[in-house]
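Quick note: residue numbers are just sequence positions, from 1.
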Amino acid sequence: MLRAGRPGLGAIGAGAALVMVAGGTTACGVGAGAGDPGFQDCATDPVACNSGERADGGEITWGIDGSWTGWNPNLSAEYTVYTLQVTAPYWPAVGQFDQNAEFVVNDAIFAGEPELVNESPMQVEYTLNPDANWGDGTGIGLDDFIYTWYARSGDGDLCKDCTPAAATAAEVVSIEEGATADKIVITYSDRYASSEWKYEPVLSNPAHIADEQGLDWKHDPADMAAAETYFSQTVPTWSAGPFEIQDAVTGEYAIFTPNDDWAGSTEVTLDKLTLKSFDSVESIITEMRQGTVDGASPGSISAENVAQLAGEGEIDFNVDRGPLWHHIDINVGNEFLSDPALRTAVFQAIDVEEIIARTYANVQSDAARKLNHLYRNDSPNFEDHLTATGQGAGDMELARDTLDAAGYTWDGEGRLLDPEGEAVAFDYRYADGSADRQTMADLVAFNLADIGIEVELRPFPAAELGPTLDESNFDMIAFGWTSQPVIVNSARQFWASDAPTNYGRLDDPALDALIDSLALEPDPEKAAEIGNEIARQVVQDAYQLPLVNTPVAIMASPELVNVRDNWASQQRALYNVAEWGLRAA
């Protein structure tokens with residue numbers, strides 16, 4: 001809830017990347033005219049729109065359209081957009097991509113950008129801000145880098161039975177102090193020479209907190225795993241960001257106050273920030289109408305939501321393409337869907353354009369089908385790998401031809417039979433609570449019924465997305481990935497056979513080889529060529545069907561300043577939370 005700053009109160013506080021989600025033309029809030037505050041300039045100046053002078057003090061309540069199950073986004077089951085949003089005010093990010101896809105280093109932790117100090121083996125040097133700390137008097141140092149290495153290594157000898165969201169540190173060989181104590185040097189194996197070395201996530205949870213729990217994480221892999229569990233289950237008492245948690249209930253809310261030890265260059269002016277979970281966007285809009293919530297940047301938006309917002313003169317909003325791309329994945333462990341021919345036919349039968357027309361286009365009239373897994377349609381590296389295959393075309397004749405050539409038949413009632421004569425049937429899973437997701441499910445079932453496949457629709461609560469994926473508890477599933485504009489770790493996270501977040505358990509040696517070669521390519525242009533080869537191979541495997549870069553919205557009280565959306569950040573509007581404030585009178 002917005003509250004005016006106390007009279008005479010000074011500024012409070014010291015000076016100052018791939019996530020799963022349940023589910024062009026822009027639409028701006030009514031009454032946002034030229035020169036007015038709000039989001040009307042976001043199309044032409046996305047980095048600085050809604051800027052302004054902040055008042056001293058004040059409180060903001062921000063809605064999150066989902067829930068989170070823990071506090072440790074290192075873990076695959078907790079690597080969701082909701083976890084990344086609720087941890088944004090205190091998490092030690094290396095930096096953020098802005099709305100122009102330019103990387104901005106976190107100056108609260110680092111004195112400058114990471115530097116490549118050796119090419120073979122690749123060595124990257126980080127220079128710490130001398131004031132970088134965990135908000136409890138403990139400085140950020142070497143052990144914190146080593147802790148994240150172990151946690152994100154995917155190596156059982158370092159972290160026993162750990163399930164990192166992505167093994168981003170799999171190729172780290174050593175982490176040592178540089179020439180001075182403020183410099184940290186990471187050395188990689190000869191299997192790593194990525195063009196995206198600058199963006200690697202090298203910090204996460206504080207090592208000294210694990211030490212205080214009596215865990216010998218550095219020498220005992222079981223203790224290392226116990227430390228990761230501790231950070232998952234324990235509300236953080238530490239902070240490397242502009243705010244620290246004063247009170248929280250996992251999955252429900254987190255109340256933040258300024259972190260007086262934050263070393264960032266932006267001065268924090270808010271007295272209090274509350275992040276609160278809601279079960280739907282409708283609920284958030286209702287609360288905003290009542291003045292109890294001040295804003296939100298939900299992961300999806302419906303036409304009904306836009307209509308609600310358009311009727312509210314006291315809510316600024318903007319709709320545009322977001323960072324999330326919605327897709328349908330297949331579990332290759334299913335007895336039927338283990339066959340690539342069946343998977344191909346299934347995707348050929350699904351009409352993506354109809355799905356878009358019935359859902360996303362109601363929100364954004366020029367919503368376009370996504371035709372590359374790794375690159376947005378407007379990227380200079382974009383290549384269309386899907387159209388020629390018929391996947392996503394809703395072409396029943398082509399799908400039937402594919403099945404016929406693979407030895408499938410149909411019985412007298414039109415049911416599809418596999419080459420052994422078994423009737424083909426499987427489930428389709430999706431998060432409930434969204435009319436659009438229900439419409440999509442109905443359309444998929446209708447499309448597959450046309451080629452004789454009986455599909456059982458099995459929704460689940462949105463809060464169960466992480467566990468459902470982590471346990472591969474699906475045959476087909478619809479969800480979204482939200483990621484930064486990088487491809488090296490994204491490709492490994494999505495499709496590497498040993499990646500915990502390869503939820504459908506695809507195991508393609510040819511694809512693994514391409515992913516490995518991508519990690520060894522330091523030239524960005526050549527890396528883009530390999531990225532397109534990878535996307536082409538995923539299409540050939542008929543493993544994942546992209547739908548669309550989904551329209552998203554930011555909505556906020558006109559009293560909020562420096563609040564704006566960011567498609568290039570996994571944290572969306574919370575990417576610059578240190579700058580948030582109430583508009584000065």
Parallel, tilted or perpendicular for [X] and [Y], by the 30°/60° rule?
{"X": "Tyr503", "Y": "Phe479", "result": "perpendicular"}
{"X": "Trp71", "Y": "Trp68", "result": "perpendicular"}
{"X": "Trp481", "Y": "His327", "result": "parallel"}

Charged N to carboxylate O below 4.0 Å: is that the case for [X] and [Y]?
{"X": "Asp516", "Y": "Arg492", "answer": "yes"}
{"X": "Arg191", "Y": "Glu171", "answer": "yes"}
{"X": "Arg321", "Y": "Asp565", "answer": "no"}

With distance as the sole criterion, is a donor-acceptor pair present between the side chains of [X] and [Y] under 3.5 Å?
{"X": "Asp436", "Y": "Thr439", "value": "no"}
{"X": "Ser76", "Y": "Asp470", "value": "yes"}
{"X": "Glu383", "Y": "Tyr375", "value": "no"}
{"X": "Glu200", "Y": "Asn489", "value": "yes"}
{"X": "Glu228", "Y": "Tyr150", "value": "no"}
{"X": "Gln364", "Y": "Asp366", "value": "yes"}
{"X": "Asn447", "Y": "Asp351", "value": "no"}
{"X": "Gln96", "Y": "Ser569", "value": "yes"}
{"X": "Arg505", "Y": "Ser472", "value": "yes"}
{"X": "Trp495", "Y": "Gln544", "value": "yes"}

Is [X] reaching over with its side chain to a backbone N or O of [Y], donor-acceptor style, under 3.5 angstrom?
{"X": "Asp98", "Y": "Asn100", "answer": "yes"}
{"X": "Asn473", "Y": "Pro467", "answer": "no"}
{"X": "Asn129", "Y": "Asp107", "answer": "yes"}
{"X": "Thr127", "Y": "Ala111", "answer": "no"}
{"X": "Asp65", "Y": "Gly299", "answer": "yes"}
{"X": "Thr83", "Y": "Glu78", "answer": "yes"}

Distance-minimising heavy-atom pair for [X] and [Y]:
{"X": "Arg152", "Y": "Pro73", "value": "NH1-O, 4.3 Å"}
{"X": "Asp507", "Y": "Pro509", "value": "O-CD, 3.7 Å"}
{"X": "Arg564", "Y": "Phe39", "value": "CA-CE2, 4.2 Å"}
{"X": "Ile301", "Y": "Pro551", "value": "CG2-O, 3.6 Å"}
{"X": "Ala368", "Y": "Val548", "value": "O-CG2, 3.0 Å"}
{"X": "Val488", "Y": "Ser194", "value": "CG2-OG, 3.4 Å"}

Report yes if the side chains of [X] and [Y] come closer than 4.5 Å at any heavy-atom pair, otherwise no.
{"X": "Ile186", "Y": "Trp197", "result": "no"}
{"X": "Lys198", "Y": "Val105", "result": "no"}
{"X": "Ser204", "Y": "Trp91", "result": "yes"}
{"X": "Leu403", "Y": "Leu342", "result": "yes"}
{"X": "Asp395", "Y": "Glu397", "result": "yes"}
{"X": "His373", "Y": "Val539", "result": "yes"}
{"X": "Gln438", "Y": "Tyr430", "result": "yes"}
{"X": "Ile350", "Y": "Ile355", "result": "yes"}

Atom pair [atom1] ([X]) and [atom2] ([Y]), whose distance is rounded to the nearest 0.5 Å:
{"X": "Leu511", "Y": "Leu506", "atom1": "CG", "atom2": "CG", "answer": "6.0 Å"}
{"X": "Leu75", "Y": "Ser232", "atom1": "CG", "atom2": "OG", "answer": "5.5 Å"}
{"X": "Arg437", "Y": "Thr359", "atom1": "CZ", "atom2": "OG1", "answer": "11.5 Å"}
{"X": "Ser195", "Y": "Lys526", "atom1": "OG", "atom2": "NZ", "answer": "12.0 Å"}
{"X": "Tyr126", "Y": "Ile175", "atom1": "OH", "atom2": "CD1", "answer": "8.5 Å"}
{"X": "Asp378", "Y": "Asn549", "atom1": "CG", "atom2": "CG", "answer": "8.0 Å"}

Has Arg458 got more than 12 heavy atoms of other residues, nucleotides or ligands less than 6.0 Å from its CZ? yes

Start with the C-alpha gap between Thr148 and Val202, add the side-chain angles, then the distance that decides, and say whether side chain to side chain contact (heavy atoms under 4.5 Å, CB included) holds. CA-CA 6 Å; Thr148 299; Val202 295; 5.6 Å; no

Tyr147 and Phe231: CA distance, side-chain angles, deciding distance, ring pair (Phe, Tyr, Trp, His ring centres under 6.0 Å) verdict: CA-CA 12 Å; Tyr147 181 94; Phe231 286 119; 5.8 Å; yes

So, for Phe97 and Tyr199, is the gap between ring centers shorter than 6.0 Å? yes

Can you name the one residue among Asn381, Asn532, Asp384 that meets side-chain hydrogen bond (donor to acceptor under 3.5 Å, both in side chains) with Asn372? Asn532

